[in-house]
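Accompanying notes for the structure given below.
First the proteins, then the strands, lettered A, B, ... as listed; each starts at 1.
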Number of protein chains: 2
Amino acid sequence: MREPIAGETGRTLGETVTNRVRRMLVEGELIPGQRLSEAGLSEQLGISRNTLREAFRSLAHEGLVTHHPNRGVFVTTPSMASIVDIYRLRRFIECRALAEAWPGHPGARAMRAAVADAGTHRETQDWNAVGTANMAFHAAIVELADSERLNVFFRRLAAELRLAFGLIADPEMLHEPYVAMNRRVLDTLEAGRPREASELLEHYLVQSERLVLAAYTRYEEGANIASTPGMD
Amino acid sequence: MREPIAGETGRTLGETVTNRVRRMLVEGELIPGQRLSEAGLSEQLGISRNTLREAFRSLAHEGLVTHHPNRGVFVTTPSMASIVDIYRLRRFIECRALAEAWPGHPGARAMRAAVADAGTHRETQDWNAVGTANMAFHAAIVELADSERLNVFFRRLAAELRLAFGLIADPEMLHEPYVAMNRRVLDTLEAGRPREASELLEHYLVQSERLVLAAYTRYEEGANIASTPGMD
DNA sequence: CACGCCTTTATTGTTCAACAATAAAGGAGA
DNA sequence: TCTCCTTTATTGTTGAACAATAAAGGCGTG
């Protein structure tokens, strides 16, 4: 048996590979539009084509990767439409979950932990880690709604959004402002004013969407996104 | 090459199989708790184990099937908790989508078509078809929110719920009353009162949940659900 | 009889090698 | 320059093989 993939968990090798490739995608190690060759990647990871294929189907289901039959699997290129769609859903889900939240809910504890985390990483200027912590904050907000299925769905949205974040040049601009904003949202919730917290959050999300779309436009001008293939 | 699977579409055999098995699940041809043997099912469908495995991963991702590593794939047994979760989400999603709807939206046309469909099938007492039409009605409501991702998510929820419907003895009781109710919701929306339509819908959903949970309890008393295995 | 331990057995997990099917790329001819 | 054909690299799919695992059954021992 070959060297197993280190540092990743999974009850089965297929799951392990899925987790590993997902991390590569979310952390920007793989570039949107890039084609993922079955032969190449399976050899690089030391696994068989069939096993990698199972992982590809999972990731395609999560939207991180796009499957073109007989052509291969490509890292999903976020479109402006997908960013708009994701933010619309975030407002739809997060704001309502927060508005009807009880401040003593376990999710609120998770929100606090995430805010603390983000603060720590901001001091070391580790913006990627700040981004992860911020996303954990929003996932915690969704937890307030007490729906397992909604949690899973939101995590999938968040991963897809991070794909788009990877296209944006300046990660500090993308994450830094929201450390303080998230703290304010949390404070308002803990002060027993969930409705007001929700309105704050909605305002921040609108602002964040605008920021991301603007950066995306600048990116689109630089690279020619139009065609997925021919991106060598 | 073997006889291809008839009557199902899919750009690739794996997709075709996924669609086929999904239909078998949703239409009650496969019973919750039942184990799906790789060897048996792949032979029955005339495909290889590897291809069936890809389909299993997709269906597991949709929640229709549960994967126990080294033990196999089982048709998901809906729990009371999952029913509650799904209905909570339905109210969360559908009511809000409807409340903020514009009556001229294409989704409204789809709602009308679904209501007509349900009426037709009611006359022939085809309750399974009525159930399908009713679900199409609710999917159309979600379309009003104009989010592709939300549509996909809801279709997945609906399929999972139909798994639970399959456990219930009397399908007429389950679907018949809602033909008229859905029509009333539609009429209210078309009369330009989306907020009122949303409140109607919420009331119906609460009622439907109660009905399903009660039937589920009766079912649970008959069969011993507790243990997934040993269900021969 | 009950309890834990070992062996057996059937099934899934994973790999490999082969071939079919397809889409992209390149070349010949008009 | 354009179209059609051929080539080529890649994915789609299969079958067989073996490893790894969990369930079932048997076997002593108390």
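- Among residues at least two apart or in separate chains, salt bridge (Lys or Arg N to Asp or Glu O under 4.0 Å) pairs with a member in residues 47-60 of chain B are Arg53(A)-Glu54(B), Glu54(A)-Arg53(B), Glu54(A)-Arg57(B), Arg57(A)-Glu54(B), Glu38(B)-Arg49(B), Glu38(B)-Arg53(B).
- Neither OP1 nor OP2 of dT11(C) sits under 4.0 Å from any side-chain N or O of His67(B).
- What separates CG of Asn50(B) from C1' of dA17(D) is a distance of 12 Å, to the nearest Å.
- The distance between atom CZ of Arg53(B) and atom P of dG15(D), rounded to the nearest whole Å, is 16 Å.
- A ring-centre distance under 6.0 Å is not found for His138(B) and Phe154(B).
- In this structure, CD of Glu54(B) is placed 8 Å from P of dT13(D), rounded to the nearest angstrom.
- Distances from the side chain of Glu38(A) to the nucleotides dA16(D), dG13(C), dT11(D) place dT11(D) closest.
- Put simply, CD on Glu15(B) is 9 Å from P on dT13(D), counting in whole angstrom units.
- Ring-plane geometry between His61(B) and His61(A) is classed as tilted, the angle between the planes lying from 30 to 60 degrees on a 0 to 90 degree scale.
- Considering only the side chain of Arg57(A), dG12(D) comes nearest among dG13(C), dG12(D), dA17(C).
- Nucleotide dT10(D) holds its C1' atom 14 Å from the CG atom of Leu36(A), rounded to whole Å.
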Set out, line by line, the N/O atom pairs under 3.5 Å between protein and nucleotides 22-25 of chain D.
| unit_1 | atom_1 | unit_2 | atom_2 | d |
| --- | --- | --- | --- | --- |
| dA23(D) | OP1 | Arg71(B) | NE | 3.0 |
| dA23(D) | OP1 | Arg71(B) | NH1 | 3.3 |

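- Taking only side-chain nitrogens and oxygens, Thr12(B) comes nearer than 4.0 Å to OP1 or OP2 of dT13(D).
- More than 12 heavy-atom neighbours from other residues, nucleotides or ligands sit within 6.0 angstrom of CD on Glu172(B).
- Residues passing the side-chain contact (heavy atoms from CB on, under 4.5 Å) test with Leu211(B), sequence neighbours excluded: Met173(B), Leu174(B), Tyr178(B).
- Rounding to the nearest 0.5 angstrom, the gap separating the NE2 atom in His67(A) from the CG atom in Leu36(A) is 12.0 Å.
- The aromatic rings of Tyr219(B) and Tyr216(B) are tilted relative to each other, their planes meeting at an angle between 30° and 60°.
- Atoms CG (Leu52(A)) and P (dT10(D)) sit 15 Å apart, rounded to a whole Å.
- Note on Arg35(B): only backbone sugar-phosphate atoms sit closer than 4.0 angstrom, heavy atoms only; bases stay farther off.
- Computed from coordinates, the Leu13(A) CG to dT12(C) C1' distance equals 14 Å when rounded to whole Å.
- In this structure, CZ of Arg49(B) is placed 13 Å from P of dA17(D), rounded to the nearest angstrom.
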